[in-house]
Amino acid sequence: MKFDDETIERLFGAEDAENEEDTRFKEYFFFNKTYDNLTANLPIRILVGHKGIGKSALLRRAYLFNEENSQLSIWIRPNDLISHVSNVGNTEFNQLIENWKSGLLSAIVQKAASRITKESDNGEKKKWIMRSARTAIDALAKIANEVLPSTADSLTKSIVENYLTDRKVYVYIDDIDRGWTASQESIKNISAPLNAIRDLAGTENGLYFRIGLRSDVYYLVRTSDESTDKIERNVIWLSWTNHEILAVIATRIETFFDTGYDQRRIVKLEQIDITKNILSKIITPSFEGRGHWSNRPIHNVLLSLTRNRPRDLVKLLHGAGRQAYLNDHAKISSTDLEATFESYSSERLQDTFNEYRSELPNIEGLLFGMRPTKKMRRASENFRYPTDQLILKMKEIMDHTNLHFTNRKIVSPRSLIQFLYKIDFVIARKDFENKIDRKYFDQSRFLASEFVDFGYDWEVHPAYRWALQPQDVNDILSEIKI
């Protein structure tokens, strides 16, 4: 192997689905139960998950599936709706929902009409049809009937014919939370389109909405607007097991080498067999490190540093691959991987600042306040806290750091712990005789309740520890338990 940038991109895939070439993307795409739920024959599907967890990839693959089956599908981005999103001001909520309904319908009809017609087609006639039709679906059917005889493109003709038969339009909306500030106005301006979509799906029979939404955005909207209980049944939470994340990378490696291994066979393998049979082609199968990680299978090390997000593992391997290239290694070695830990950790910390600063403006003060003290650095268990000790830590940080939530939520030690848990900076942990049970917010949202203690301790996720303790990077490996 020669781990130049082009090879790394082909081998591990792009870090974001939008920038992946279609053919390669479809080769390695990992089909899971969430994808099945997203593509179910239901009018509203709201895909919720953290940034970097794969929402855009699932939405894009579902969109490509519609294209492959000649189904009329359109992709709407925030800039298509900018005039209806901005200047919310003091608009009454029900009126805001009506504005969104009008704006969405206009964008849907225009985009769908453009999808099945050519620019040279009679624009005035199309506008008249849109104005005179009783519903958007009727308008598109009339336009489709008008353009069918003149359609030269076989794919477009197939889409038109299919639409005239099933009269379905699949509407994909991603990044609807772009510009999110976690303010009351932002919450209102996410809740309004969700309500508008629910109304449209009921009155415009034939519109099928597929929406991506960050979990922190959904959580704040869900806990602030009582009307969102009506869309809860349409929500699909996107989460991954460690085994699935390992299988995602293994699938990319096998399709790169074109071995004939398919996803179903990979998923059935034990993790140690995935390492021996697949990962070993590009990385040494055991980690030559210290402490708990010494001589452990490489997948144990890799998965310990991912925050249940496939993109984390992709980024980690991208960095390790670049190190292997600098060192002229034909396989990624333990030293290549270890050399990336500090930069990987700093990047994840910066990502967290960028992602959640809108909710807690001085998030840097809170997270840097979680650095171990000199006394803690001499302790055997850094970065781990029973609940009572974490409450004391929060009080210490509050004493010398100005913290406030954008949505005016009261800042308290418990609310800060809940915030740290929600953003996956800390994870819940309980030790048993022969295993460690770790839980993320998406798996159990109420473990950090402000009112109930469920008996879990808390630990700072390993992905952040090198950034918080750069002067002791060599000791961190020996402290992290797998």
Looking at residues at least two apart in the chain, or sitting in another chain, which of them share a side chain to side chain donor-acceptor pair (under 3.5 Å) with Asp22?
->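 Asp22 satisfies side chain to side chain donor-acceptor pair (under 3.5 Å) with Arg60 once adjacent residues are dropped.
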
Who pairs with Asn32 by side chain to side chain donor-acceptor pair (under 3.5 Å), at least two apart in sequence or on another chain?
->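 So Asn32 forms no side chain to side chain donor-acceptor pair (under 3.5 Å) with any residue.
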
Do [X] and [Y] sit within salt-bridge range, that is, some charged N less than 4.0 Å from a carboxylate O?
{"X": "Glu68", "Y": "Arg61", "value": "yes"}
{"X": "Arg429", "Y": "Asp431", "value": "yes"}
{"X": "Lys422", "Y": "Asp216", "value": "no"}
{"X": "Lys188", "Y": "Glu185", "value": "no"}
{"X": "Glu359", "Y": "Lys409", "value": "no"}
{"X": "Asp36", "Y": "Lys33", "value": "no"}

Picking from Tyr421, Phe383, Tyr385, Phe425, what satisfies ring pair (Phe, Tyr, Trp, His ring centres under 6.0 Å) with Trp458?
->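 The single option meeting the ring pair (Phe, Tyr, Trp, His ring centres under 6.0 Å) with Trp458 is Tyr421.
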
Side-chain touch [X]/[Y], heavy atoms, less than 4.5 angstrom:
{"X": "Trp237", "Y": "Ile53", "value": "no"}
{"X": "Asp442", "Y": "Asn308", "value": "no"}
{"X": "Trp240", "Y": "Val248", "value": "yes"}
{"X": "Phe3", "Y": "Ile282", "value": "yes"}
{"X": "Ile278", "Y": "Leu269", "value": "yes"}

Whether Tyr170 side chain and Leu72 backbone form a donor-acceptor pair below 3.5 Å =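 Not a single qualifying donor-acceptor pair exists.
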
Look only at the side chain of Thr39 and the backbone of Ala62, and say whether a donor-acceptor pair between them is shorter than 3.5 Å.
->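 Not at all, since once roles are kept as given, no pair shorter than 3.5 Å links the two residues.
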
Result of checking Lys439, Arg309, Lys51, Arg438 against Asp424 for salt bridge (charged side-chain N to carboxylate O under 4.0 Å, His left out) =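 Passing option: Arg309.
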
Compute the ring centroids of Trp75 and Tyr172, then answer whether they are less than 6.0 Å apart.
->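 Ring centroids of Trp75 and Tyr172 are less than 6.0 Å from each other.
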
Are Thr255 and Arg24 linked by a side-chain donor-acceptor pair shorter than 3.5 Å?
->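 Short answer, yes.
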
Considering the options Ile8, Leu11, Ile249, Ile253, which one meets the side chain to side chain contact (heavy atoms under 4.5 Å, CB included) requirement together with Leu317?
->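 Running side chain to side chain contact (heavy atoms under 4.5 Å, CB included) over Ile8, Leu11, Ile249, Ile253 with Leu317 returns exactly one hit, Ile249.
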
Answer yes or no for Arg252 and Tyr28: cation-pi contact, defined as NZ/CZ to six-membered ring centre under 6.0 Å and angle to ring axis within 45°.
->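 Judged by the rule (NZ or CZ under 6.0 Å from the ring centre, within 45° of its axis), Arg252 counts as positioned above Tyr28.
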
